[in-house]
Amino acid sequence: MGVQKAYQPRSLEPKWQKEWLKKGIYQQYSRKKKCYVLDMFPYPSGSGLHVGHPRGYIASDIYSRFKQLEGYGVLHPMGWDAFGLPAEQYAIKNKVHPAVAVKKNIATFKRQLAKIGFTYDWEREINTTDPEYYRWTQWIFLQMWKKGLAYQSFSPINWCPSCQTGLANEDLEQGRCERCDSVVEKKPMRQWVLKITAYADKMLRDLKTLEWPEGVKEAQRNWIGRSEGTEVVFYVADTEEEIRVFTTRVDTIYGCTYVVVAPEHPLINQQLTINSQGIKNKAEVKGYLEKTKKKTDLERTALSKEKTGVILEGIEAIHPFTAERLPVYMADYVLESYGTGAVMGVPAHDERDFEFAKKYDLSIQSVIAPPRGQQPVQDQPFIDDGVLIDSKEFTGLTSQEAREKMTAWLSKEKLGKKKVNYKLRDWVFSRQRYWGEPIPLIHCEGCGVVPVPERDLPVKLPNVKSYQPTGTGESPLADIASWVNVKCPECGGKAKRETNTMPQWAGSSWYYLRFIDPHNTKALVDGKKEKKMMPVDVYVGGDHATRHLIYARFWHKFLYDQGAVSTPEPFQRLEFLGLILASDGRKMSKRWGNVIDPNDVVEQFGADAFRLYEMFMGPFTQSIAWNTDGMIGTRRFLEKVWKLERQVTVNKKQTTESKNMQSLLHQTIKKVTEDIESFKFNTAISSLMILVNALEKESHISLITYQTSLILLSPFAPHIAEELWERMGNKQSIFLSQWPKWDKKKIVAETVTIAVQINGKVRTVLTVPAGSDEATVQALALADVKITAHLDGKKIRKVIYVQDKILNVVV
RNA sequence: GCCGAGGUGGUGGAAUGGUAGACACACGGGACUCAAAAUCCCGCGAUAGCAAUAUCAUGAGGGUUCAAGUCCCUCCCUCGGCACCA
């Protein structure tokens, strides 16, 4: 053991970091049981890591070390999600190739990470911008294309005028670009789109099988937005034209007093171009259309906005049940992109319709009566289910019965059918920017769209003079004639490459597979290695509740259907972490000047103290403000651990501590084991502190107790644990030892304290041998002065006794 | 508006229906020191009291229970997600 020096993390930590790497301590892949622990890999930005980033990495690292100690072969890799706008913007500004900037940033990130002491297997490091990586991103895209899941669309998409690129629905936040906050416009453009909606049902269904936080599942459910309803046909009077309407409340249809279509609805264009009949107030309608076009989606959907619309004079809709002629309106509160782009107006039972009807003085007919006892509120629509009234033969049915019967009737009459609708839109997959994976397709004059043959993958991103977006809807790649002009791989004729690139989210949609064998992604296809490692057992991260998780699930499910992967879901368990905010309560950001560099903290307190503090701050799922003052606490704790060595007796295997001490040790084993498994690191650490505080008071600590404590500490503070472990004479790394098991019998303490209550109020506590029976405890309690004083001769009505916990006397 | 997570000391936070405030930070007092830092010991929800102790106290108000931070009902507030989705 030698003479003990002061605890000096600054020399001790780098020493072990090197040693672990050299010996490959964390590459125990030959073990039988596997555990795949994955972090959401970072985007290597120019500003480097701040103390918020490592929170998730520390958690996954603790979990990985714990699982390795439990005997698992743990895969815990790290890589870089390096395509995307920031690197490109940096490149434009500084006139360097984005790949150069990315390389530099990755080096910074790695240097920062290395100091915290992670178990990452750097032999499996990946980078989404590596052509050998994106060869497979392109390959997967081609498989989708071949199955008809990638298609060209020419309809209007979301266009960010500042980023000068098309965006997916998921990239918007309240009608603004999530990246730059610009108001997004609608722009008709040629786009590649992935048919993610084809997987809507499967993604929804399989959420049930996942161990994910309820909130994230719910966000996914909302995003997919499945709703069951009825599609109803309203014929346009005196024509063969029809307006199809989607509703979830067909039971209210007798209250339908008008029909509304979206401005983009095909009927409008068609009826405007008819000369003889059709819309009579064409000028008015055209005027409204013009106004709508000028509005952004943001303005159209603004919450407080009053509903506007215009009647289509000369057009009437036939009510499918009553054959009444109803007025038809065009209004921009109806969205073309959802349902059929047309709705039936039931003002008595829908808030929006009610508002609209009030404004345009439309008739309001109540057809749903509230269930017994309830009174409808005056001057407000009744939007709940109830019992049908004034609905001919459907009168008297409940809403639910009516929906079924009415839908059945409509089906029979060929006037409608059951229909499921989703909010989820297909994924706009092309970007008109430089720094992304080229879409591996070729446009041939003769053959049309032709895939790049597999042997020609990857389609490498060529060098360009300017990374600046062109703004024309073409990417900067379009300017490189030598790259764009190719021979058609099928007919050898004149052809051009697709110049759009893939979005930021492409590379991260399958990266967890690449880690399984980063040098040979054929594993994807041949399957053996994939089968051994998948699924990811625990996925740790935050901030991407919908986009990344929904995209990755979609790609994975596609690959599953192709037989390329063996599991229907990629991430079995998800641990979603809270952000670390700056001490001012804001997000840590260069912009606010409130960033704290983890390496500064490590420099001052040591990596182990830093790791402990990040986990001790509070519950893992909760956002929390950083406070460097707290660091001193975990550092002091480690100093105590360090000094404990002096109390270790040479007496080898035997335990010398009291029974109560043994009980505490075993309680701690149980607590730490269970808490790590459930990601409750803060309470695991506090129980370790309790143990250390107690050991400190012992005159002697047995070797076995001490070493057990070191193992319990090692996932959290690996460096100090390894150092002290070695000082105990161990030749092999502590991380190749075994996680202790608790002994139920030893957990039971010799003595326990029992609270004695009178009428539920604690009056005294008794220390009694564990397992004492009620009679014994009651006798002791009634003999206690404090109790007799309170009883004051009153009659005891009842006594409740909970073993080893409480005795309640009711008087 | 809908969905999700919350509301506990000066602060971060603990509490299978069973002694509310574990653990830690800050703070106050003491020891050591010429002095400081570090370290160690003691105290630390509020009110009253020299004290023993008593009363009150987990966003607000009701309820269930021998016993409620925890379960039920009504309401308020904070954070996160979604939102003219028919």
Side-chain angles (χ1 to χ4, degrees), chain A residues 6 173-174 213-223 225-227 229-230 245-250 252 260 262 300-307 331-335 337-346 349-353 355-356 383 421-425 542-543 545-546 576 578-579 612-613 616-619 621-634 636-637 639-640 643 680 682-690 692-693 696 753-766 786 789 797-811:
Chain A
E173 271 174 12
Q174 320 259 307
E214 198 42 49
V216 180
K217 284 197 196 182
E218 190 60 24
Q220 298 239 324
R221 266 182 226 118
N222 285 341
W223 197 266
R226 178 190 157 100
S227 64
T230 309
V245 149
F246 175 74
T247 178
T248 52
R249 291 298 305 274
V250 72
T252 65
V260 198
R300 271 182 70 172
T301 58
L303 188 65
S304 56
K305 194 185 70 73
E306 207 184 326
K307 290 175 183 35
D332 63 7
Y333 79 88
V334 176
L335 307 174
S337 57
Y338 184 77
T340 56
V343 300
M344 62 181 203
V346 187
H349 305 292
D350 181 277
E351 274 169 358
R352 292 152 304 182
D353 296 345
E355 202 186 308
F356 192 75
I383 56 172
N421 244 305
Y422 298 94
K423 280 200 286 186
L424 186 72
R425 302 264 72 87
D543 213 24
T546 42
F576 207 66
L579 283 178
L612 277 167
Y613 181 61
F616 184 61
M617 287 173 82
T621 50
Q622 194 173 303
S623 288
I624 200 159
W626 177 263
N627 177 14
T628 305
D629 288 348
M631 281 293 316
I632 192 71
T634 51
R636 274 182 199 149
F637 167 67
E639 298 275 2
K640 281 189 199 175
K643 283 184 199 151
K680 288 189 206 153
N682 55 333
T683 48
I685 292 167
S686 84
S687 73
L688 284 169
M689 287 172 168
I690 293 168
V692 168
N693 288 343
E696 214 183 9
T753 56
I754 290 185
V756 181
Q757 302 178 326
I758 294 174
N759 287 350
K761 282 200 174 159
V762 179
R763 294 305 174 181
T764 190
V765 289
L766 298 172
K786 286 173 193 157
R797 295 210 334 246
K798 199 172 169 188
V799 175
I800 288 128
Y801 178 64
V802 181
Q803 175 109 68
D804 292 348
K805 283 215 170 117
I806 209 154
L807 181 85
N808 191 8
V809 182
V810 186
V811 295

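Below, read A as the first sequence line, B as the second, and so on, with proteins coming before strands; counting in each chain starts at 1.
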Q: Please tell me which of E218(A) and G225(A) maps to the more 5' nucleotide of RNA chain B, matching each residue to the nucleotide holding its nearest heavy atom.
A: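 Counting from the 5' end, the first nearest nucleotide belongs to E218(A).
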
**Q.** Pairwise 5' ranking along RNA chain B for T546(A) and G215(A), keeping only the more 5' one
**A.**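 This one resolves to G215(A).
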
[X] has an atom [atom1]; how far is it from atom [atom2] of [N], in whole Å?
X       : N       : atom1 : atom2 : result
R221(A) : rG4(B)  : CZ    : P     : 10 Å
L335(A) : rA83(B) : CG    : C1'   : 11 Å
M344(A) : rC85(B) : CE    : P     : 15 Å
K643(A) : rU39(B) : NZ    : C1'   : 6 Å
R797(A) : rU65(B) : CZ    : P     : 13 Å
E639(A) : rC40(B) : CD    : C1'   : 14 Å
I758(A) : rU53(B) : CD1   : P     : 14 Å
Y801(A) : rC66(B) : OH    : C1'   : 16 Å

(Q) Run the side-chain contact (heavy atoms from CB on, under 4.5 Å) test against K786(A) and tell me which residues pass, sequence neighbours left out. (A)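 Result, side-chain contact (heavy atoms from CB on, under 4.5 Å) vs K786(A): T764(A), D784(A).
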
Remember a base hit wins even if backbone is also touched, and classify [X] as base, sugar-phosphate or nothing at under 4.0 Å, heavy atoms.
X       : value
P213(A) : nothing
K761(A) : sugar-phosphate
V334(A) : base
R763(A) : sugar-phosphate

Q: Establish, with yes or no, whether the OP1 or OP2 oxygen of rA86(B) is under 4.0 angstrom from a side-chain nitrogen or oxygen of S227(A).
A: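 Yes, because at least one side-chain N or O of S227(A) sits under 4.0 Å from OP1 or OP2 of rA86(B).
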
Q. Is the phosphate of rG13(B), meaning OP1 or OP2, less than 4.0 Å from a side-chain N or O of Q622(A)?
A.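 Answer is yes, contact under 4.0 Å.
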
With a 4.5 Å limit on heavy-atom distance, are the side chains of [X] and [Y] in contact?
X       : Y       : value
V811(A) : I758(A) : yes
Y333(A) : V260(A) : yes
V692(A) : K640(A) : yes
N682(A) : P619(A) : yes
F246(A) : V343(A) : no
V756(A) : V762(A) : no

Q.
Any donor-acceptor pair, under 3.5 Å, between the side chain of K307(A) and the base of rC84(B), if you only look at N and O atoms?
A.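 Yes, a donor-acceptor pair under 3.5 Å.
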
[atom1] spacing across the pair [N] / [M], given as an integer number of angstrom:
N       : M       : atom1 : value
rC23(B) : rG43(B) : P     : 12 Å
rG30(B) : rG80(B) : P     : 46 Å
rA46(B) : rG21(B) : P     : 14 Å
rG1(B)  : rG12(B) : P     : 29 Å
rU53(B) : rU58(B) : P     : 23 Å
rA67(B) : rA15(B) : C1'   : 16 Å
rU78(B) : rA60(B) : C1'   : 15 Å
rA31(B) : rA37(B) : P     : 14 Å

(Q) Can you confirm if the aromatic rings of Y613(A) and W626(A) lie within a centre distance of less than 6.0 Å? (A)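 Close enough - the centres of the two rings lie under 6.0 Å apart.
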
Q.
Reading 5' to 3' and counting Watson-Crick or G-U wobble pairs with both distances under 3.5 Å, write the dot-bracket notation for RNA chain B, | for bases paired outside the strand.
A. (((((((..(((.....[....))).(((((.......))))).((((....))))..(((((..]....))))))))))))....

Q | Atom pair CE (M631(A)) and CZ (R636(A)), whose distance is rounded to the nearest 0.5 Å | A |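 Answer rounded to 0.5 Å: 12.0 Å.
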
(Q) For the CG atom of D350(A) and the CZ atom of R249(A), what is their distance to the nearest 0.5 Å? (A)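 The distance works out to 9.0 Å.
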
Q.
From C-beta outward on Y333(A), which listed nucleotide comes closest to its side chain: rG13(B), rC84(B), rU39(B)?
A.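 Among the listed nucleotides, the one closest to the side chain of Y333(A) is rC84(B).
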
Q) Side chain of I624(A): nearest nucleotide among rG81(B), rA86(B), rG12(B)? A)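 Among rG81(B), rA86(B), rG12(B), the one nearest the side chain of I624(A) is rG12(B).
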
Q | Base versus backbone protein contacts along nucleotides 15-29 of chain B [heavy-atom cut-off under 4.0 Å; B, S, -] | A | SB-BB--BBSSS---

Q | N808(A) versus K798(A), side-chain donor and acceptor atoms under 3.5 Å | A |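 Looking only at side-chain atoms, N808(A) and K798(A) do not form any donor-acceptor pair under 3.5 Å.
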
**Q.** In rG13(B), glycosidic geometry as syn within 90° of 0 or anti otherwise
**A.**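 This nucleotide is in anti.
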
Q) Is atom CD of E696(A) surrounded by more than 12 heavy atoms (other residues, nucleotides or ligands) closer than 6.0 Å? A)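 Count over threshold, so yes.
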
